[in-house]
Engineer: 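If you scroll down you'll find the structure; I have some questions about it.
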Amino acid sequence: MSKPLSYHYSGTKGHIVAVADDLPQTGQGLIDQGWEEISHPAQKASGHHTYREPSTGLRIRYDEPVKGAEGFAGRDHYHILNPNATGSRDMYLDKNGNPVKKNSRASHILPKGGK
């Protein structure tokens with residue numbers, strides 16, 4: 001059995017849905033809303049940023065678009081980390097707060113106004 005990837009989160013599923021519905025166009029928008037950037041320097045250098053909401057502990061990963069890439073890689077998008085994850089099969093939450101697999105379509109959440 002794998003070791004849980006969990007961290008402390010004090011919010012509700014409804015809070016996760018509200019956050020997913022109002023994600024800013026870029027990660028800087030999260031900082032402007034009071035989130036803390038906790039990215040590992042190597043990940044940050046490759047365009048992957050992790051943010052933590054101080055009031056709840058919720059963690060979100062923002063991925064910068066890759067120039068010339070197709071699909072989600074070529075667009076600003078987010079992943080909400082599952083605080084109760086046990087591995088890659090439930091690593092993220094979808095926009096409705098349900099656990100989803102790493103690399104699944106549902107794990108990619110577009111910012112507010114994104115299509």
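Remember, it's a predicted structure, so these values are computed and weren't measured experimentally.
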Engineer: Could you tell me which residues satisfy side-chain contact (heavy atoms from CB on, under 4.5 Å) with S10, sequence neighbours excluded, listed by chain and number?
Structural biologist: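 Residues passing side-chain contact (heavy atoms from CB on, under 4.5 Å) with S10: H8, T56.
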Engineer: I'd like to know if the side chain of H108 reaches the main chain of A106, judged simply by a donor and an acceptor atom lying under 3.5 Å from each other, with no hydrogens or angles considered.
Structural biologist: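 Not a single qualifying donor-acceptor pair exists.
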Engineer: Not counting sequence neighbours, which residues clear side-chain contact (heavy atoms from CB on, under 4.5 Å) with P41? List them please.
Structural biologist: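 Scan of P41 (side-chain contact (heavy atoms from CB on, under 4.5 Å), adjacent residues dropped) gives none.
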Engineer: Do Y78 and Y9 share a hydrophobic cluster, counting only Ile, Leu, Val, Met, Phe, Trp and Tyr and linking them when any side-chain heavy atoms are less than 4.5 Å apart?
Structural biologist: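 Cluster IDs for Y78 and Y9 match.
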Engineer: Nearest 0.5 Å, please: how far is OH in Y92 from CG in N82?
Structural biologist: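 Interatomic distance, N82 CG to Y92 OH, rounded to 0.5 Å: 11.0 Å.
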Engineer: Could you pull out all residues at least two apart from K13 that satisfy salt bridge (Lys or Arg N to Asp or Glu O under 4.0 Å)?
Structural biologist: none
Engineer: Do N98 and L93 come within less than 4.5 Å of each other through their side chains, counting heavy atoms only?
Structural biologist: no
Engineer: If you round to the nearest 0.5 Å, how far is NE2 of H79 from CD1 of I109?
Structural biologist: 8.5 Å
Engineer: Taking all non-hydrogen atoms of both residues, which atom of V17 and which atom of G97 are closest, and how far apart?
Structural biologist: CG2-N, 4.2 Å
Engineer: Does some side-chain heavy atom of F72 sit less than 4.5 Å from a side-chain heavy atom of L110?
Structural biologist: yes
Engineer: Would a hydrophobic clustering, with Ile, Leu, Val, Met, Phe, Trp and Tyr connected at side-chain separations under 4.5 Å, put I80 with I38?
Structural biologist: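 No, because I80 and I38 fall into different hydrophobic clusters, even though each may have its own neighbours under 4.5 Å.
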Engineer: Quick one: salt bridge (Lys or Arg N to Asp or Glu O under 4.0 Å) pairs with a partner in residues 85-105, sequence neighbours left out?
Structural biologist: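 Every candidate salt bridge (Lys or Arg N to Asp or Glu O under 4.0 Å) pair involving residues 85-105 fails, so no pair, neighbours aside, qualifies.
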Engineer: Look up atom OH in Y51 and atom CD in Q28, then write down how far apart they are to the nearest 0.5 Å.
Structural biologist: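 Between Y51 OH and Q28 CD, I get 7.0 Å after rounding to 0.5 Å.
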Engineer: Please identify each residue that fulfils side-chain contact (heavy atoms from CB on, under 4.5 Å) with Q33, with sequence neighbours left out.
Structural biologist: P24, L30, W35
Engineer: Less than 4.5 Å apart, any side-chain heavy atom of H15 and any of E53?
Structural biologist: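 Yes, side chains in contact.
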Engineer: Within this structure, what is the CG-CD1 distance for the pair D21 and I16, rounded to the nearest 0.5 Å?
Structural biologist: 12.0 Å
Engineer: Does one side chain, of H49 or E37, offer a donor that lies under 3.5 Å from an acceptor on the other?
Structural biologist: yes
Engineer: So, taking the atom named OG1 in T50 and the one named CD1 in I60, what distance separates them when rounded to the nearest 0.5 Å?
Structural biologist: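 With rounding to 0.5 Å, OG1 (T50) is 10.5 Å from CD1 (I60).
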Engineer: Show every salt bridge (Lys or Arg N to Asp or Glu O under 4.0 Å) that has at least one partner inside residues 63-72, sequence neighbours left out.
Structural biologist: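 Passing the test, one end in residues 63-72: R61-D63.
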